[in-house]
Amino acid sequence: MPRPFYITTAIDYANGAPHLGHAYEKVLADVIARYQRLQGRSVHFLTGLDEHGQKVQQTAVKRQIEPQVFVDEIAVTFQEMLRNFQISNDDYIRTTEPRHKAVVQDFLQRLFDQGLIYKGQKTDWYSTRQEQFLTDKDRDENGNWPEIFGEVTQTTEENYYFKLSQFQPWLIEHIQSHPDFINPRFRQKQVLEFLKEPMNDLCISRPKSRLTWGIELPFDHNFVTYVWFDALTNYYSAVATKGLWPADIHVIGKDILSPPHAVYWPCMLKALNIEPPKQLLVHGWWTINAQKASKSTGNASETLSLVQSHGADAFRFYLCRDMVVGQDADFSVKTFGERYKSELSNNLGNLVNRLLNMVGRSYAGIIPSPAADEELEKSLKDLWVITERKVLAAFEESQISHALEALWVFISAMNAYIDTRAPWKLAKSTEAVDRAKLDSCLATVAEGLRLVATVLTPIMPSTCEKLLQNIGADPVRHFAGQLAWSNVCVGRKVSERCILFPPVDPKPEEATA
RNA sequence: GGUAGCGUAGCUCAGAUGGUUAGAGCGCGGGACUCAUAAGCCUGAGGUCGGCAGUUCAAUUCUGCCCGCUACCA
């Protein structure tokens, strides 16, 4: 029995509404999780919410509610997003849960007992008005503190530090000897560059006088732990009792690769004598209509409404199709609409109806047996072998856009194949030879579509299920034995008509954009 | 300022561990067809692969410098 495949996303910070970036990361992880399940592996897929910290506390105070009440509200909106995008996570961790707090405190205590956490002092400038610490880069060009900070005072604060620096040599060696640790590879350089400089130890606490909304240090009740020990530990705390560690993939954005995930997290684990995760899968950022995604303009949240108009699967498809994992991509309603119409409605959806109609007309809806396979059929089958190999390789590398590219080459080839065969002509012929060709043509397209829908299931689960059902095929449970060209659809009854991707009218304000 | 990434057809982007005429989709022009969600197919136009220099028999692909954009760090 192989070890279960454990995949996570970063946990979202509970301060604000879910937006495109949140959704994308879940979709990417979900596609990989579904792929692995179809490959027959047992999968554990975790996502969750990061609920502590200054900003949450501030917002709660502002709204005059308990922080827990506030994050409970936020959690609902994020979980609703997961449902909207058909995310198949097996667990949802919230950092305010007892199971999480217990592990965080255990980690901290163990490191403290080993002498890897120590108390230190640091002198800082503090802005009372903004309630934040300042650094030299906050100064204006004359070296003064800008007006917005109000009175700035110098303070000395005691805090706890984790001896991060002593794990630096190990980390460099680990990254160099595990080329798959950071995917895509080019991100690795960035991390190794960062590691050329000596690291500072990591400040891991805040005094309760400043921050109460956090997990208390087990060895000093006057402090809570701050950010990284709280947030990163979720990956472990969620499966602490399940024996699933190490994680196979942490799906994260490029902004939190270095230092948090590529430096702090592996060093924390090393200090605790726990294996590091196998891989960090680092995706880029979406811009919205060529502009940076912004909470203030709300552009990143508004895009999510396309789930309602076009459906979760179409949205998932677009996200997977248009972003090369690791690079940035631009999201636009226009591009979304074009992809939807062209690739989903016209290429794929219409192809399904071409088949259904012809099978209905010539065979009373029963898929015929391929009676006369010739060169045309053979070359399509050969193309499938290539396509299958490319698609699976792309999934294995988490390069979903490559899988879709290859798949659409095959879909186009099927449309071209139909035109070459011209089954509407064959259907008018009374010659047995033509009838045999017609049999083959429709059987071939049916089988091609079955294969496409099978392998496309991780990306568009509902649509593929519907497609398979409409061509009389069984739902996909596993890829095993399902990806080879076969005649399983022969004799199956197809439905009359199936609109997988109905035309969607653009909203009035978008039509002019 | 340092580091990394990006800069390829009108648009959005793939790709090349250096090697025949650099690819796709969309958009645009032309054509034949009609089974289908006015979809599909064929075909054409369109690029000195950011600029300069170097290494090489050969560079868009490697190296250096420069320019522009982005991110991280200081």
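Computed from a prediction, not measured in an experiment: that's the story for all the values here. Chain identifiers are assigned alphabetically (A, B, ...) following the order of the sequence lines, protein sequences preceding nucleic acid strands; residue numbering begins at 1 within each chain.
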Task: Residue pairs, two or more places apart or on separate chains, that pass ring-ring contact (aromatic ring centres under 6.0 Å, His included) and touch residues 410-464 of chain A - done: A:W384-A:F410
- [ ] Encode nucleotides 27-35 of chain B as B, S and - characters from 5' to 3', where the letter depends on protein heavy atoms closer than 4.0 Å: B to the base, S only to sugar-phosphate, - to neither.
- [x] ------SSB
TODO: Inspect the contact between A:K334 and A:E338 and indicate whether a charged nitrogen and a carboxylate oxygen are less than 4.0 angstrom apart.
DONE: yes
Identify all side-chain donor-acceptor contacts of residues 359-366 of chain A below 3.5 Å with residues at least two apart in sequence or on another chain.
{"unit_1": "A:R361", "atom_1": "NE", "unit_2": "A:N357", "atom_2": "OD1", "d": "3.4"}
{"unit_1": "A:R361", "atom_1": "NH2", "unit_2": "A:N357", "atom_2": "OD1", "d": "3.4"}
{"unit_1": "A:Y363", "atom_1": "OH", "unit_2": "A:D439", "atom_2": "N", "d": "3.3"}
{"unit_1": "A:Y363", "atom_1": "OH", "unit_2": "A:D439", "atom_2": "OD1", "d": "2.3"}

Open item on the list: Using the side-chain contact (heavy atoms from CB on, under 4.5 Å) criterion, which residues pair with A:A416? Sequence neighbours excluded.
Closed with: none
TODO: Would you please name every residue forming a side chain to side chain donor-acceptor pair (under 3.5 Å) with A:R316, sequence neighbours left out?
DONE: A:D30
For nucleotides 4-10 of chain B, print each protein N/O atom paired with a nucleotide N/O atom at under 3.5 Å, atom names and distance only.
{"unit_1": "B:G5", "atom_1": "OP1", "unit_2": "A:K189", "atom_2": "NZ", "d": "3.0"}

Open item on the list: Need one value for A:S342: base, sugar-phosphate or nothing, where a base atom within 4.0 Å counts as base even if backbone is also close, heavy atoms only.
Closed with: sugar-phosphate
What pairs of donor and acceptor atoms, side-chain ones from residues 451-465 of chain A against any protein atom, are under 3.5 angstrom apart with sequence neighbours left out?
{"unit_1": "A:T454", "atom_1": "OG1", "unit_2": "A:R450", "atom_2": "O", "d": "2.6"}
{"unit_1": "A:T457", "atom_1": "OG1", "unit_2": "A:A453", "atom_2": "O", "d": "2.7"}
{"unit_1": "A:T457", "atom_1": "OG1", "unit_2": "A:T454", "atom_2": "O", "d": "3.1"}
{"unit_1": "A:S462", "atom_1": "OG", "unit_2": "A:Q86", "atom_2": "OE1", "d": "2.8"}
{"unit_1": "A:S462", "atom_1": "OG", "unit_2": "A:Q86", "atom_2": "NE2", "d": "3.3"}
{"unit_1": "A:T463", "atom_1": "OG1", "unit_2": "A:D313", "atom_2": "OD2", "d": "2.7"}

Task: Contacts of type salt bridge (Lys or Arg N to Asp or Glu O under 4.0 Å), residue A:D255, not counting sequence neighbours - done: none
Open item on the list: I'd like to check the side-chain contact (heavy atoms from CB on, under 4.5 Å) partners of A:W228; sequence neighbours left out, ordered by chain and number.
Closed with: A:L202, A:L232, A:P260, A:Y264
TODO: Dot-bracket for RNA chain B, please, read 5' to 3', with Watson-Crick or G-U wobble pairs under 3.5 Å on both distances, ( ) within the strand, [ ] crossing, | other strand, . unpaired.
DONE: (((((((..((((.....[...)))).((((.........)))).....(((((..]....)))))))))))).
TODO: Please identify each residue that fulfils side-chain contact (heavy atoms from CB on, under 4.5 Å) with A:D201, with sequence neighbours left out.
DONE: A:Y118, A:Y161, A:K163, A:L164, A:S165
Using atom types as modelled, flag every donor-acceptor pair under 3.5 Å from a side chain in residues 391-399 of chain A to any protein atom, sequence neighbours excluded.
{"unit_1": "A:E396", "atom_1": "OE2", "unit_2": "A:Y35", "atom_2": "OH", "d": "2.6"}
{"unit_1": "A:Q399", "atom_1": "OE1", "unit_2": "A:V325", "atom_2": "N", "d": "3.4"}
{"unit_1": "A:Q399", "atom_1": "NE2", "unit_2": "A:V325", "atom_2": "O", "d": "3.3"}

